[in-house]
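Notes follow once the structure below has been shown.
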2 protein chains.
Amino acid sequence: MKKKNTQQVEFFREKCRSLGLNVTPQRMAIYKALVGDETHPSPDAVFRRVRLSHPTISHATVYKTLDTFERHGIISRLTPLHESVRYDPMTSQHHHIVCVRCKKVVNLSDGELGTIQIPAQVKREYRVLGYSVHFSVLCASCKDRE
Amino acid sequence: MKKKNTQQVEFFREKCRSLGLNVTPQRMAIYKALVGDETHPSPDAVFRRVRLSHPTISHATVYKTLDTFERHGIISRLTPLHESVRYDPMTSQHHHIVCVRCKKVVNLSDGELGTIQIPAQVKREYRVLGYSVHFSVLCASCKDRE
DNA sequence: TTACCTGCAAAAGGTTTGCAGGCTA
DNA sequence: TAGCCTGCAAACCTTTTGCAGGTAA
């Protein structure tokens, strides 16, 4: 346990070094909080957790740090289309092609993708209402602009 | 074209009738705006579009109506976890099991699901960076509470 | 020492709510 | 007519921004 913790710390230091990021106590605390959290936390959840060991941390630092981590690939975002809620008039099962840069979304009909085998363990543990595949892409125009 | 429009109107009237929803000019306008929109619009985008033909409509009505439509299954939401941004410390490709009721999210490792064949047309048109499958479920405790 | 990072406070969106008046069925 | 729906305005909540001071390298 102790050893695992040390490994995490070293991993993070090395990662920051290679990315040119300063290692600050706040960043370290936020990183540790994330690694130990299976709940896919919101920024505020991270804030509340980090504050236990680091009472003077601010929301702004948490937001900025999470953003920095994400831009450098240290963590990922569960909610890539967060700018606002978005709706789809299609209610039957289908899939989405999302441009990570301009956030355009295109539907892909269910039939165009083979059937996905839902793992038995998932079926056993949950009532599965449906699934959809989300492709992260660069669209034609964003690809050109890179 | 004219005929298709009439069909939409009738379909919507019937849908509302069967759900016990009043058919109002605002709801009709919002429904029409959605059906004609492939861009997966935000509430504000719907608002701006509807306002062209219905200048006195309010944001509140648009928000309430979209929510009503979604709760009755007339449209679907692209962003089920919109309450706030959420992060995941895992950056390698994996999938998500999301409880539609309590919004808990559990990871499913990539290997536990067979390989998905990315349609050739998608590969041709986009630079595909990755994909993830999103299972909409009721978790054990939410299932019991239904 | 220098550039980067933090924390505060204020501002900026996006979304929700309460309520009075209006409309559908 | 009764209950549902709309529009306004204010409140709310999450997230971003600017800036002055502090810290890592």
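Everything numeric in this text was worked out from a predicted model, so none of it was measured. Just so it is clear: chains get the letters A, B, ... in the order the sequence lines come, proteins before strands, and each one is counted from 1.
- Counting only residues at least two apart or on different chains, the ring-ring contact (aromatic ring centres under 6.0 Å, His included) pairs with a member in residues 12-37 of chain B are B:Phe12-B:Tyr31, B:Phe12-B:Phe69.
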Look for any protein N or O under 3.5 Å of an N or O in nucleotides 21-23 of chain C and output each such pair with its distance, or none.
none

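- Applying the side-chain hydrogen bond (donor to acceptor under 3.5 Å, both in side chains) test to B:Thr79 and every residue at least two apart in sequence or in another chain returns nothing.
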Identify every side-chain donor-acceptor pair in residues 111-126 of chain A under 3.5 Å, counting partners at least two apart or on other chains, and give the distances.
from	atom 1	to	atom 2	distance (Å)
A:Glu112	OE2	A:Ser109	OG	3.3

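- Less than 4.0 Å separates DNA chain D from at least one heavy atom of each of the following residues of residues 37-68 of chain A: A:Pro43, A:Ala60, A:Tyr63, A:Lys64.
- Contact check of residues 75-89 of chain B against DNA chain D (heavy atom, cut-off under 4.0 Å) returns B:Glu83, B:Ser84, B:Val85.
- Residues forming a ring pair (Phe, Tyr, Trp, His ring centres under 6.0 Å) with A:His54 (at least two apart in sequence, or on another chain): none.
- Rounded to an integer number of Å, the gap from CG of A:Leu19 to P of C:dA3 is 21 Å.
- With sequence neighbours excluded, no residue satisfies side-chain hydrogen bond (donor to acceptor under 3.5 Å, both in side chains) with A:Glu38.
- Comparing the local axis fitted to the first five base pairs of the helix from C:dT1-D:dA25 to C:dA25-D:dT1 with the one fitted to its last five gives a bend of 50°, rounded to 10°.
- The ring pair (Phe, Tyr, Trp, His ring centres under 6.0 Å) search around A:His94 returns A:His96, not counting sequence neighbours.
- If you chain together ILVMFWY residues whose side-chain heavy atoms come under 4.5 Å of each other, A:Leu129 ends up grouped with B:Val100, B:Leu138.
- In the 5' to 3' direction, nucleotides of DNA chain D lying under 4.0 Å from heavy atoms of chain B begin and end at D:dC4 to D:dT15.
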